[in-house]
Number of protein chains: 2
Amino acid sequence: MTAHKHPPEAGQTADQGFVRHYLLYLLAAASEGVSTEFHAQVRARGVRVPEWRILACLADEDGQMVTQLAALALMEQSRLTKIIDQMADKKLVTRRSDERDRRRVRVFLTATGRSLARELVEDARIHEAGIIDQISPAQAAILKHVLARIVALHGPEARPAGERRTTRPAEEES
Amino acid sequence: MTAHKHPPEAGQTADQGFVRHYLLYLLAAASEGVSTEFHAQVRARGVRVPEWRILACLADEDGQMVTQLAALALMEQSRLTKIIDQMADKKLVTRRSDERDRRRVRVFLTATGRSLARELVEDARIHEAGIIDQISPAQAAILKHVLARIVALHGPEARPAGERRTTRPAEEES
DNA sequence: ATCCGGAATATGAATTATCATGTTTTTGCC
DNA sequence: GGCAAAAACATGATAATTCATATTCCGGAT
């Protein structure tokens, strides 16, 4: 009531709030925080974030099909298609349709794309090392382990493949 | 589910790839996975994801100023402004300008907004409990602790406040 | 007081992402 | 073999997001 300084003075703050202890928030905030940091480096190289993700995925395994790649890169197929278009324009990747199944389109790094990918992956490793250092390698190892488990349980390949985005919108007028 | 027909036949797969062990990827994938799951419930209630985030933040502390709220909710100020517009239309929140500093706009939950927020937070708690159960409460506790540390080091309030997303990167590489 | 820089929000044009659907190819079934 | 159904991508209209900038207001220095 009488707190006329600048900061809080507001609502009925419980302990320190639900949000700050909520697992999904912590995951999002941690991800956001560290990623934003690295993304600055990515952009500094003239690469957009979604492109970096694709480069990294392809550096791991070249010639993935679009659907695969989209799942791995955590993005929707139609979006990936468009990003691939742009990357193809920039000569970072090329498309080639699969021999055995011509519905499939496989995406390959060009020489340029590959070397760019290598550089960025190297940067990423360095950046990651910095973070792991800050939180102690031991804790980082545990962290990665638990995260991997969560991803295994709730990640892209863990979902029934038909409900990867399906929900009843339940359009209520308001 | 995965290509049980065609063997990879593709690239020079190292062990299992860089990406799948990369901390930033694990964070993003874990976050994505568990969040997508819960977001289905949110949408089922006719609430959009960004709205849910704001509701949760305001439930924690009502009457936050826009900038604060944006930082906490991990979104840009201009975006938040627009979301607040929509939420105000739906009578979930109201704006009131701060007495002491009239540049500031404080956002408050309406009665409707508050009860919706409560319901959703309750859902979130239940959902979270399910996940924590899967990965054992002990590991979950460690996970949260490490995540909180990462957020403290790299999160919104940990950044120089001038480089939070503004001003062009200046094309420089160091 | 007045001026100047910076903080807090709002706004609008340009860019991106999403959703539903279309096209082509393959598979499974009869 | 022929057909229906499903898989894999592409596309285009709609909606959301970003980026730069405008507007208003505060605080300190002159």
Side-chain angles (χ1 to χ4, degrees), chain A residues 4-7 32 36 39-40 43 48-51 53-54 63-89 93-107 160-169 171, chain B residues 1-6 32 36 39-40 43 47-54 63-89 93-107 160-170:
Chain A
H4 50 289
K5 280 301 162 70
H6 5 116
E32 241 276 315
T36 296
H39 292 166
R43 293 205 198 81
R48 278 181 275 174
V49 173
E51 292 177 344
R53 294 202 167 141
I54 300 310
Q64 292 183 70
M65 46 182 284
V66 172
T67 311
Q68 244 178 267
L69 200 49
L72 183 59
L74 311 170
M75 52 177 80
E76 298 189 31
Q77 175 263 313
S78 83
R79 179 144 94 95
L80 177 59
T81 291
K82 288 164 189 172
I83 292 164
I84 296 297
D85 286 346
Q86 304 174 38
M87 294 178 77
D89 287 348
V93 300
T94 54
R95 278 185 233 248
R96 192 194 317 161
S97 84
D98 189 303
E99 281 309 304
R100 327 207 182 245
D101 185 340
R102 271 178 318 243
R103 290 172 302 180
R104 298 180 176 180
V105 170
R106 297 198 172 269
V107 184
E163 59 98 5
R164 192 157 289 162
R165 176 49 52 166
T166 323
T167 320
R168 177 134 308 176
E171 275 294 306
Chain B
M1 299 318 165
T2 29
H4 46 264
K5 225 34 180 265
H6 312 307
E32 242 275 318
T36 296
H39 291 167
R43 292 206 199 82
V47 178
R48 277 181 274 172
V49 172
E51 293 176 343
W52 145 239
R53 293 201 169 142
I54 300 310
Q64 293 184 70
M65 49 181 279
V66 171
T67 310
Q68 241 178 272
L69 200 50
L72 183 59
L74 310 172
M75 50 178 81
E76 297 188 31
Q77 175 265 314
S78 83
R79 178 143 94 95
L80 177 61
T81 291
K82 288 164 189 172
I83 291 164
I84 296 296
D85 286 346
Q86 303 174 39
M87 292 179 78
D89 287 349
V93 299
T94 55
R95 281 184 233 249
R96 192 194 319 162
S97 86
D98 188 303
E99 282 309 304
R100 334 240 172 216
D101 186 340
R102 272 181 316 251
R103 291 171 301 180
R104 297 180 177 182
V105 171
R106 296 197 173 270
V107 184
E163 59 99 2
R164 191 157 290 157
R165 177 52 54 172
T166 39
T167 47
R168 44 181 284 101

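Here is how names work: the chains are called A, B, and so on, in the same order as the sequence lines, proteins then strands, and each is numbered from 1.
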How far does CG of B/Leu74 sit from OG1 of A/Thr36, to the nearest 0.5 angstrom?
9.0 Å
With A/Thr94, which residues qualify under side chain to side chain contact (heavy atoms under 4.5 Å, CB included), at least two apart?
A/Phe108, A/Thr110
Would you kindly give the CG-to-C1' distance between B/Leu74 and D/dT17, to the nearest whole Å?
16 Å
For residues A/Arg102 and A/Ser97, report the shortest heavy-atom separation together with the two atoms involved.
CG-OG, 4.2 Å
According to side chain to side chain donor-acceptor pair (under 3.5 Å), who are the partners of B/Thr81, at least two apart in sequence or on a separate chain?
B/Gln77
Nearest-Å distance for atom pair CD1/P, residues B/Ile83 and D/dA16
10 Å
Generate the contact string for nucleotides 1-10 of chain C. Rules: B means base contact, S means sugar-phosphate contact only, - means no protein heavy atom under 4.0 Å.
-----BBSBB
Axial bend angle, the helix from C/dA1-D/dT30 to C/dC30-D/dG1: five-pair end segments, nearest 10°:
20°
Just the rounded figure in Å: distance from P of C/dT24 to CG of A/Asp98.
19 Å
According to side chain to side chain donor-acceptor pair (under 3.5 Å), who are the partners of A/Arg48, at least two apart in sequence or on a separate chain?
A/Gln86
A/Arg96: which residues meet the salt bridge (Lys or Arg N to Asp or Glu O under 4.0 Å) condition with it, sequence neighbours left out?
none
Whole Å only: how far is the CE atom of A/Met75 from the C1' atom of D/dA10?
17 Å
Distances for protein N or O near nucleotides 14-16 of chain C N or O, under 3.5 Å:
{"from": "C/dT16", "atom 1": "OP1", "to": "A/Arg48", "atom 2": "NH1", "distance (Å)": "2.7"}

Just verifying a value: how many Å separate A/Ile54 CD1 and A/Gln64 CD, rounded to the nearest 0.5 Å?
9.0 Å
Which residues share a side chain to side chain contact (heavy atoms under 4.5 Å, CB included) with B/Arg103, sequence neighbours left out:
B/Asp101
Would you kindly compare A/Glu99 and A/Lys82 by the position of their nearest DNA chain C nucleotide and give the one closer to the 5′ end?
A/Lys82
Can you find a heavy atom in the side chain of B/Met75 that is under 4.5 Å from one in the side chain of B/Pro50?
yes
Nearest-angstrom distance from the residue atom CG of A/Leu80 to P of D/dA8
14 Å
Rounded to the nearest 0.5 Å, how far apart are CZ of B/Arg43 and CD of B/Glu51?
11.5 Å
Sub-4.5 Å side-chain heavy-atom contact between A/Val66 and A/Leu80
yes
